Every structure is written in structure tokens, then in C-alpha cells.
Amino acid sequence: MKKATPERHEDRAVRLTTTEAPPASDFIREIVAADLQAGKNGGRVVTRFPPEPNGHLHIGHAKSICLNFGIAAEYNGVCHLRFDDTNPTKEEVEYVESIQEDVRWLGFDWGDKLFYASDYFERLYQYAVQLIKEGKAYVDSLSADEVREYRGTLTEPGKDSPYRTRSVEENLDLFARMRAGEFADGAHVLRAKIDMASPNLNMRDPVMYRILRVPHHRTGDTWCIYPMYDFTHCLSDSIEGITHSICTLEFEDHRPLYDWFLDELRVACHPQQIEFARLNLTYTVMSKRKLLELVEKGHVSGWDDPRMLTLAGLRRRGYTPEAIRNFCERIGVAKRNSTVDMALLEHHLREDLNKRAPRVMAVLRPLRVVIDNYPDGQVEELEAVNNPEDPSMGSRKVPFSRVLYIDRDDFREDPPKKFFRLAPGREVRLRYAYLITCVGVVKDERTGEVVELHCTYDPETRSGLSVEGRKVKATLHWVSAAHALPAEVRLYDSLFTTPNPGEAEDFTAVLNPHSLETLRSCQVEPSLASAAPGSRYQFERQGYFCVDAEASAGRLVFNRTVSLKDEWARIEKGQQQE
Ligand code: ATP
Ligand code: MG
């Protein structure tokens, strides 16, 4: 069997913008399958998702979660959830909890395979001692600035620290005293003794331990020295018996170090590190540092602000785990960094919601309509289909009466070309109800604003009855004024005005000032009275909406998850440009 080349997979990434389905496999799955076939790792597949608990998970993490848990599931393996908690200054229990909630919400289960790098602190310490004893690690007493200075640059080799030649005994003694808390923060570090002239900067005697008097969320003040990421990660993988350690591309240059520690320590299990391209999405920032800044500076209401591409934000916005998983499967994995169009994520969202979201009628910007010839006080319960895509979802009754609301956008006193909705003298259909004709327009005397329409209805045209020869070009949604429920609706637009906000000098300077519009006088059909937070609907002709977490009994609040494609806006824009 011919092995796939990385180039083939890069092609795959480029083809993302086309509509064809992706191939079933990718280069990582091919490696895993080949290893299984060759009998490597005793036929086991063990992956891990290793978040640092210093922030909430975002859509980029979802790609890694789907990949690691997905591969484990497909190859009869297991996937560990491991908290990479080696930096107590930025880590918090809050994040440990939210990360677990988010992974579970996405639909993955780690069973009893929940681990913390901090559980390995004692073993890691012993590994460090072993390296010291073998002359492969030393205590350095240069200041942080000096360490940086001695490190050299990409074009210049580094210089050996004067402390590099310390004896094994002295190193053991100093390292033990570092642990015992005898030295101030920053006084010493433990470094691997590799090669200060290596072309790979990661190999220039990387720091393994630093002194840090910060209590840890799990180990309290047991430790005042903490291991660095590169030393911790490979050994955590090894301790857990990970077979394939999948990480993002920026760790490619760290792989020699990953292998160096494991080789020098002659560990029984030496996992294979495999790198893939991280997910970048247009119109968003993905780094936790930037997301934190948005929260801390109050640009958003919190980590779960529905405009945030955190999993908590996406969930509150109304995203389904299925939509995110389908998206991750569709983008696949490649070896080359690229930026995926936000529209692709929304495409998968619409596709999923179209299947599952019940349809309801909601009027966001109400315009009062009086049906002059409809009997005062009469109410009809009209049959409305819950989801034309899924007959098993059944139907419901919607009350119809003399006074209704329609959306302001559905009426033009002076309709432009191609505007087929309601206008003076024009007949349209009301969804599930009757044909109505606009016979009068009431305006505010002072402002000239249209405040009410008068219409007539034709009782012979009730929905479901055949109406020969009566062609209308528009069907409008509506609610009955006496029965409708007031609601607040939050319309979201992208948080940034440019496709690559991460590249802006100051990404907060390209925030979209109109990313949130709150509509407070919406009217929704009465079937939504008991809609629970998190439930999702299609507001007919408008988009998908979900009940916000802030909603309560008697106070309906909806988030617009995603709009339906608005053809009219596009057409109108085109006309203005002509
Ligand atoms: P950030 O850069 O956003 O702060 P991170 O890489 O520091 O993220 P970790 O908690 O260390 O965040 O990430 C856990 C795992 O998720 C790692 O394996 C990391 O490679 C992966 N990951 C993080 N961001 C992305 C992304 N945008 N696309 C794919 N995988 C990602
Ligand atoms: Mg990281």
C-alpha cells in the first residue's frame, strides 16, 4: 500500500471551500491505522486531550477534541482528558470544571481516564534527579535576562552558562534545596544539558524547573518549584501510556526535545508526537489570551457571551454539538495552517438546526394590522406544521384574530422593484391563515411613520383550501396581538469588522460596534410561553433562535443563533449600487 504524502493532505485543506465531501481519512488516521497493522504499541490506541486550565475552551479546541476522541473511538482505543496544570499563576478550578462540562457537552466521554499533570509532580521530580545524576541536567544561577542573553538567536549560537559545569553533587544538592524552598523565586532554574549551539533554539539547554512560590489549585503549597511544559508533557504522555500524542503545528520544533527527554530517560513507553494545523476562523480571535482580554476589558459580557467562539459562548448562542462535530469532521486535518471561513461553521449549524428546530412565528419589529372585515372577538385556532423537514414533529394550533402584528420589514408604502411583500393595494398570504389585501395605511401625524395597516381578508382563502387562480408572491409570518407574548430578542453580528482581527495591531480596535442589537418589543406566538432556556427554534423566514440563559418564567429572551440566508438584503444592496 502506498503511503500518503503530506502534500495529498494539503490538497484536502485547500479543497475545503468546495462543496464536495471530504475523504474518510486523514494523514493522522493513516499513521494510526498503519501502526495498528504493523502491530506497534501492542495493538493499542491511546490518545489524549491536554488542555491547560487557564481559560475556557474555544472552537479551536473542539477540533483537537474531535480528533483525539474521534480517533480513539474509531480505532477501539481510549482518549484521556489530562489537565496540563503546571503553571499555577494562571490556572483556576473554575476552568477545570468548565472544560469538563464543555468536553461532555460536545459529546465525548473520558470514562475514568481523567488525569492531571500535577499528579505526576513527584515522579517528574525523580526523573529530573535521574537526569542530574547522569550529567544531563544542571542548576543554573543566571538571572532570567542573562539566560535569554546567553541563548543566542536564530542566526547566532548560544553561549554556555558558567554554571553548566557544576558537579553532579552540587546540582543534586542545589535542586533539593530549590525544592525545599531555600531560594527566592528566580534565583535558580534547572536546565537540560543539551547543546547551546543547536540550530533548534528549543534544544539550547531548555529550562526544566523554575522556582515559583504560588499555591497550586491541586497541590496547594506542597511545591515551590514547577516543571516546564516541554519536560512535563512528554513524560505525562509516557506515564499514561499514550500511543499517539497529537498536537498543533507550533510544537513541531519541540519534537526533538520531546524525544530527547524520553530517550535520555529510557522510559518504557515512548509516544509518537504528531502535529497538525490549528484551526483558524475568519472574523474571530482564538487565543485564550485575547479571549480573556475581551472579557476583562468588558468588550463582551463574559466567557459565555454568545458572540464569543468559546464552547460556552457557542452553546449559549444556540449551537448544537452535532453542528460543531460535523464542522470539525468536514474541515479535516492538514499539515498546513489555513483559515476556515466562518460561513462554513454557520453552514453546518443551519444544516443541523433545519432538521431539528421546530418552526414558530415571531415578529421582531411589530407593525399593527387590523383586518377590517374579520369579526370582532372571533378567534380561530389554525393548524401550523412544526417542521416541514420532519413530519414526526407534528403540528400545533396558532390563534388568529382581528388584530395582528407583522414585521415592519414586510411592508413598504412605496415598494421597490422585486419587493413582493405587503404594500398598499397588494394581496399577500398570511402563513397558515388567509390572503389579505392592504386597504389603508395609518401614519403618525407628526413623524409620518406608518403605525398601523388596515387590511381585508378573504374567508375563502383559508390555508389548506384550494384557491384557484389567486397567485400571491409572498407569505408573511404574523402573530395575533391579543395572544402574542412579549419577548426580547438579541441579534448578533460578527464581533469583528475584519476577516483577520488577530493580524490587526490592536485587535480591539477592529471590534464591530454593531455586533449586538437588542430588540425589546418583539411579539412571539403563545406556544413559546413555556420555552425553556437552551431550547432552539426557527422563527419562520428569519433564522434560528434559542432561549437565553437569562430568560425566566414570564420573561422571554431569545438569542439569534444564525439567520436564514437573507436574499432580500442582498438584492436591495445590489439595487442601491446600480
Ligand atoms: P491558545 O493558544 O488558545 O491559548 P493553547 O494551545 O494554549 O490555546 P491548550 O489548553 O494548551 O491551549 O490546548 C489544548 C489542546 O488544544 C492542545 O493540544 C492544543 O494544541 C489544542 N488546540 C488549541 N488551540 C487549537 C486550535 N486553534 N486548533 C486546534 N487545536 C488547538
Ligand atoms: Mg498551550
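In listed order, ligands and their atoms are each counted from 1. Note that the structure is predicted; figures quoted are calculated from it, not measured.
Within the structure, the closest approach of E250 to ligand 1 does not fall below 4.0 Å when heavy atoms are considered.
Looking at E52 next to ligand 1, an N or O pair under 3.5 Å apart turns up. For ligand 1, none of its N or O atoms has an N or O atom of S287 under 3.5 Å away. Residue-to-ligand polar distances keep P51 apart from ligand 1: every N/O pair is separated by 3.5 Å or more. Polar contact check, R278 against ligand 1: a nitrogen or oxygen pair lies under 3.5 Å apart. In terms of polar-atom proximity, defined here as any N/O pair under 3.5 Å, H61 does make such a contact with ligand 1. The shortest N or O to N or O distance between F49 and ligand 1 is not under 3.5 Å. In terms of polar-atom proximity, T248 is counted as a contact of ligand 1, with an N or O under 3.5 Å from an N or O of the ligand. Among the atoms of C247, none of the N or O lies under 3.5 angstrom from an N or O of ligand 1.
Between K113 and E240 there is no salt bridge, since no side-chain N of the basic residue sits under 4.0 Å from a carboxylate O of the acidic one.
Screening residues 270-281 for salt bridge (Lys or Arg N to Asp or Glu O under 4.0 Å), with sequence neighbours left out, gives E250-R278, R255-E275, E275-K335.
In summary, the side chains of H56 and S98 do present a donor paired with an acceptor at a separation below 3.5 Å, with no hydrogens or angles considered.
Under a 4.0 Å criterion applied to the non-hydrogen atoms of H58, ligand 1 contributes the atoms 3 (O), 24 (N).
Minimum heavy-atom separation, L81 to P51: CD1-CD, 3.9 Å.
Judged by distance alone, with hydrogens and angles left aside, the side-chain atoms of N202 form a donor-acceptor pair with the main-chain N or O of D253 at under 3.5 Å. Remark: the backbone N or O of L281 is not paired with any side-chain donor or acceptor of T284 at under 3.5 angstrom.
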Legend entry - Full working for salt bridge (charged side-chain N to carboxylate O under 4.0 Å, His left out) between R316 and D548: CA-CA 7 Å; R316 185 164 167 196; D548 188 73; 2.7 Å; yes
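Remark: H58 pairs with H61 by the ring-ring contact (aromatic ring centres under 6.0 Å, His included) rule, at least two apart or across chains.
When heavy-atom distances to ligand 1 are checked against a 4.0 Å cut-off, R289 has no atom that comes that close, whether in backbone or side chain.
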